[in-house]
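Reading through the structure tokens given below for one structure.
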Amino acid sequence: MRHFDYARPTSLAEAVRTLRSLGEGARPLGGGTDLLVQVKEGHLRPAALVSLAGIAELDGVGLAGDGSLRVGARATMQEVADHAAVRERFSALADGAAVVGSYQTRNAATIGGNVCNAAPSADTSPPLVALSARAQIAGVGGEREIAVEELWSGPGRTTLEPGEIVTAFVVPTPPPGSGSHYERHTPRKVMDIAVVGVSTQLTIDGGVVAAARIALGAVAPTVIRAVRAERSLIGRAVSGEVAAEAGRIAASEATPIDDVRGTVAFRRYLVEKMTSASVLRSAERALG
């Protein structure tokens, strides 16, 4: 483990000031399940770690008066996966949180860390994109809010300014007749990262798709939406044929790379089949 300075502010305002004063070499520390491993293995060499433990503004999972979901950045994966409202109304997010690491990891890993690591393979990022989530951000200049997909600029890179902290994710309540789903492919069942991750959300009205969002993970520099595949679903009743067509289109929108975990062709095949299956699963949830 390399030397680094450590700070533990007691309020959000102090945390923002501390990060800003320490400069670009400082990193916020949530659960540490990824960050500390990267530091130990030498992949990251931060000058300072700023603990976010005990900052109440970053905690909690719950529904607002308008039915939207607020997930604090320090909420653990297990909190998200176990929350009754998340499982019932925002199923894709529960799906994603439930497959991160092991049970021990999920009790420490935070959703803020999972998303802000900016890994294209992160399991909660595609569900948040599919669910139209927005990130609430605090900085020295005040607060702002952006769509989650605007948070990443590339692998391991975010659009956050120095000193800014993601405080929460806000997910709008889905319209009636909506269903969502997330699935991933991994070589191992647990303790692995996604070779491909696919999340979908459908709203079905009058027997046909009124709205659709499809988010793809691990097949581009950041999580992306398969916009043409989404459009192919609008105004149509979901069937095996319609879902398969959406899968083929989504595969053409992916831009995967060859690496030790899978070839371009294999990842495109997975996108096609997994998108088709996820569309059918979201439709099933929307209808029942």
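Both backbone and side-chain heavy atoms feed into the values below; hydrogens, waters and symmetry mates do not. Numbering of residues begins at 1 and proceeds along the displayed sequence.
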Residue that, paired with Glu230, satisfies salt bridge (Lys or Arg N to Asp or Glu O under 4.0 Å) out of Arg225, Arg213, Arg236: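 The option that passes is Arg225.
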Side chains of [X] and [Y] in contact at under 4.5 Å (non-hydrogen atoms):
X: Leu151; Y: Ile137; value: yes
X: Val223; Y: Glu149; value: no
X: Leu280; Y: Val238; value: yes
X: Asn114; Y: Thr33; value: no

Note: Arg106-Asp82 ion pair, threshold 4.0 Å (strictly below):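 Here Arg106 does not pair with Asp82 in a salt bridge, since their nearest N and O are not under 4.0 Å apart.
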Note: Asp95-Arg281 ion pair, threshold 4.0 Å (strictly below):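 Judged by the 4.0 Å cut-off on N to carboxylate O distance, Asp95 and Arg281 do not form a salt bridge.
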Interatomic distance, Arg74 atom CZ to Thr110 atom OG1 [nearest 0.5 angstrom]: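 Reported value, rounded in 0.5 Å steps: 7.0 Å.
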Point-to-point distance, once rounded to the nearest 0.5 Å, from OG of Ser178 to CG of Asp205: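 Answer for the OG-CG pair, Ser178 versus Asp205, is 9.5 Å.
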Residues, nucleotides or ligands: over 12 heavy atoms within 6.0 Å of Arg45 CZ: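 Result for CZ/Arg45: open.
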CZ/Arg231: more than 12 non-hydrogen atoms of other groups inside 6.0 Å: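 No, the 6.0 Å shell around CZ holds no more than 12 heavy atoms from other groups.
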Residue pairs fulfilling salt bridge (charged side-chain N to carboxylate O under 4.0 Å, His left out) with at least one residue in residues 10-24, sequence neighbours excluded: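 Pairs touching residues 10-24 that pass the test: none.
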Pairs involving residues 81-119, ordered by first then second residue, that meet ring-ring contact (aromatic ring centres under 6.0 Å, His included) (sequence neighbours left out):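 Applying ring-ring contact (aromatic ring centres under 6.0 Å, His included) to every pair that reaches into residues 81-119, excluding sequence neighbours, yields nothing.
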Set of ring-ring contact (aromatic ring centres under 6.0 Å, His included) partners for Tyr269, sequence neighbours left out: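 Tyr269 satisfies ring-ring contact (aromatic ring centres under 6.0 Å, His included) with no other residue.
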Distance-only polar pair, side chains of Ser278 and His181, donor-acceptor under 3.5 Å: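 On atom types as modelled, these side chains qualify, holding a pair under 3.5 Å.
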Connected via hydrophobic side-chain network under 4.5 Å: Val271 and Leu233: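 In one cluster with Val271: Leu233, yes.
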